[in-house]
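Structure, as structure tokens:
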Amino acid sequence: MDLRIDKLLAHMGYGTRKEVKKLLKSGAVKVDGAPVHDAKTKVRPEEQTVTVWGEPVEYKPYIYLLMNKPPGVVSATEDPVEETVIDLLEDEDRRFAPFPVGRLDKDTEGLLLLTNDGALAHQLLSPKKHVPKTYVAIIDGEVTEDDVKAFRRGVVLDDGYETKPAELVVLRSGLRSDVELTITEGKFHQVKRMFRAVGKRVVYLKRVRMGPLFLDPDLAVGEYRELTEEEIEQLKQYRPNSDEKKGT
């Protein structure tokens with residue numbers, strides 16, 4: 001793919017277009033060893049070697065980040081008041097302009113994918129795809145087998161919407177219950193509203209899975225890492241099987 005040299009360098013964090021033009025005029029930029037001064041020069045970054053002050057420019061069009069989102073941070077690219085997940089990124093990652101794939105509530109923690117790959121994001125978020133998302137939660141109230149059956153049928157939310165079947169697993173039942181829930185849609189505050197529909201309240205919520213991607217146990221809350229090549233390929237090739245579509 002041919003790219004203008006100024007667009008390539010700006011994308012890779014070497015400054016604004018104006019700053020990149022100054023860099024080009026200084027003679028700092030070379031393509032295959034030859035100095036390039038014209039900002040309109042087309043290059044093929046996958047095939048040619050681009051250097052700035054002798055250091056190679058490692059080109060990549062997309063970035064894929066796996067974050068263990070902390071509570072108290074909003075899943076947005078910007079917010080005039082609140083801290084966002086983008087604020088948690090290093091400058092070198094922020095320059096790719098990634099965005100969160102879907103949202104986690106401000107007080108919810110766990111797996112959040114950030115990327116600038118719009119096609120992949122659409123594939124994972126499309127309601128037609130029924131991509132499963134798994135959460136662990138602490139519930140105020142005793143979660144019973146009747147709740148498991150109700151979730152498996154689908155429950156009616158406060159706005160009258162009937163959810164698709166979901167798989168509820170009770171890990172510990174009592175005055176406070178520990179559960180695992182897998183849903184295949186992403187309505188606003190859906191998990192909290194589903195439990196509210198059966199007379200219970202979510203007091204802690206953490207997402208641990210999205211499609212083929214699982215939360216990395218080595219990531220502390222607030223930390224993130226780039227996806228491996230294998231994980232990226234798994235996401236791109238992912239097709240939920242029939243059981244996952246049913247939430248079972």
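Every value quoted in this text rests on a predicted model; they were computed, and no experiment measured them.
- Side-chain contact between Lys200 and Val143: present, with at least one pair of heavy atoms (C-beta onward) separated by less than 4.5 Å.
- Between Met67 and Leu114 the shortest side-chain heavy-atom distance falls below 4.5 Å.
- Cluster partners of Phe188 are absent, since no Ile, Leu, Val, Met, Phe, Trp or Tyr has side-chain heavy atoms less than 4.5 Å from it.
- Using modelled atom types, one finds no donor on one side chain facing an acceptor on the other under 3.5 Å when comparing Tyr135 with Gln190.
- Within the 4.5 Å cutoff, the side chain of Leu113 has heavy atoms near those of the Leu227 side chain.
- Using a distance-only test at 3.5 Å, with no hydrogens or angles considered, no donor-acceptor pair links the side chain of Lys42 to the main chain of Lys40.
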Quick one: do Leu157 and Glu162 satisfy side chain to side chain contact (heavy atoms under 4.5 Å, CB included)? Show the steps, please. CA-CA 6 Å; Leu157 302 182; Glu162 184 174 347; over 6 Å; no

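- Note on Ile138: it does not cluster hydrophobically with Leu215, by side-chain heavy-atom contacts below 4.5 Å among ILVMFWY residues.
- In this structure, Lys22 contributes its side chain and Ser26 its backbone to no donor-acceptor pair below 3.5 Å.
- Side chain of Ser75 to main chain of Leu104: a donor-acceptor pair is present (N/O by atom type, distance under 3.5 Å, no hydrogens or angles).
- For the side chain to side chain contact (heavy atoms under 4.5 Å, CB included) with Ile5, the lone residue among Val29, Asp38, Val57 that qualifies is Val29.
- Under the 4.5 Å side-chain heavy-atom criterion for ILVMFWY residues, a single connected hydrophobic cluster contains both Leu9 and Val36.
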Next item on the list: Could you go through the side chain to side chain contact (heavy atoms under 4.5 Å, CB included) check for Arg17 and Lys7 one step at a time?
Entry: CA-CA 7 Å; Arg17 290 286 185 94; Lys7 184 176 180 180; 3.5 Å; yes

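- There is no side-chain donor-acceptor pair under 3.5 Å between Tyr238 and Gln123.
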| task | Please step through side chain to side chain contact (heavy atoms under 4.5 Å, CB included) for the pair Val155 and Phe195, ending with a clear verdict. | result | CA-CA 9 Å; Val155 297; Phe195 279 102; over 6 Å; no

TODO: Please lay out, stage by stage, how Lys187 and Asp159 fare under the test side chain to side chain contact (heavy atoms under 4.5 Å, CB included).
DONE: CA-CA 11 Å; Lys187 300 297 180 183; Asp159 60 358; over 6 Å; no

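- Tested against Arg225, the residues Asp216, Asp218, Asp93 include a single salt bridge (charged side-chain N to carboxylate O under 4.0 Å, His left out) partner, Asp216.
- Minimum heavy-atom separation, Ile63 to Glu226: CG1-OE1, 4.3 Å.
- Of the possible polar contacts, one joining the Gln48 side chain to the Arg44 backbone as a donor-acceptor pair under 3.5 Å is found.
- The side-chain hydrogen bond (donor to acceptor under 3.5 Å, both in side chains) test with Tyr64 is passed by exactly one of Thr115, Thr228, Asp117: Asp117.
- At a threshold of 4.5 Å between non-hydrogen side-chain atoms, the residues Glu185 and Pro127 do not count as touching.
- Shown here for Ala166 and Ile183, the closest heavy-atom pair between the two residues is CB-CG2, 3.9 Å.
- A continuous path of Ile, Leu, Val, Met, Phe, Trp and Tyr side chains, each step under 4.5 Å between heavy atoms, connects Val31 with Tyr14, placing both in one hydrophobic cluster.
- In this structure, the side chain of Lys69 engages the main chain of Lys106 through a donor-acceptor pair within 3.5 Å.
- Remark: the backbone N or O of Gly211 is paired with a side-chain donor or acceptor of Arg209 at under 3.5 angstrom.
- Test Leu66, Val208, Thr134 against Leu111 for side chain to side chain contact (heavy atoms under 4.5 Å, CB included) and you get one pass: Leu66.
- Within a 6.0 Å sphere centred on NZ of Lys30, heavy atoms belonging to other residues, nucleotides or ligands number 12 at most.
- Looking at heavy atoms from C-beta onward, Val203 lies out of side-chain contact with Ile139 at the 4.5 angstrom threshold.
- Residues Leu8 and Tyr59 have side chains in contact (heavy-atom distance under 4.5 Å, counting atoms from C-beta outward).
- With a 4.5 Å cut-off on side-chain heavy atoms, Val221 and Glu109 count as touching.
- Contact of the Thr163 side chain with the Phe151 side chain is not registered, since no non-hydrogen atoms from C-beta on lie closer than 4.5 Å.
- Side-chain atoms of Glu180 do not come within 3.5 Å of backbone N or O of Leu171 as any donor-acceptor pair.
- When every heavy atom of Pro100 is checked against every heavy atom of Ala76, the shortest pair comes out as CG-N, 4.0 Å.
- Side chain of Asn116 to backbone of Pro61: a donor-acceptor contact under 3.5 angstrom is found.
- Cluster annotation: Tyr62 is connected to Leu120 through the hydrophobic network of ILVMFWY side chains, with a link wherever side-chain heavy atoms come within less than 4.5 Å.
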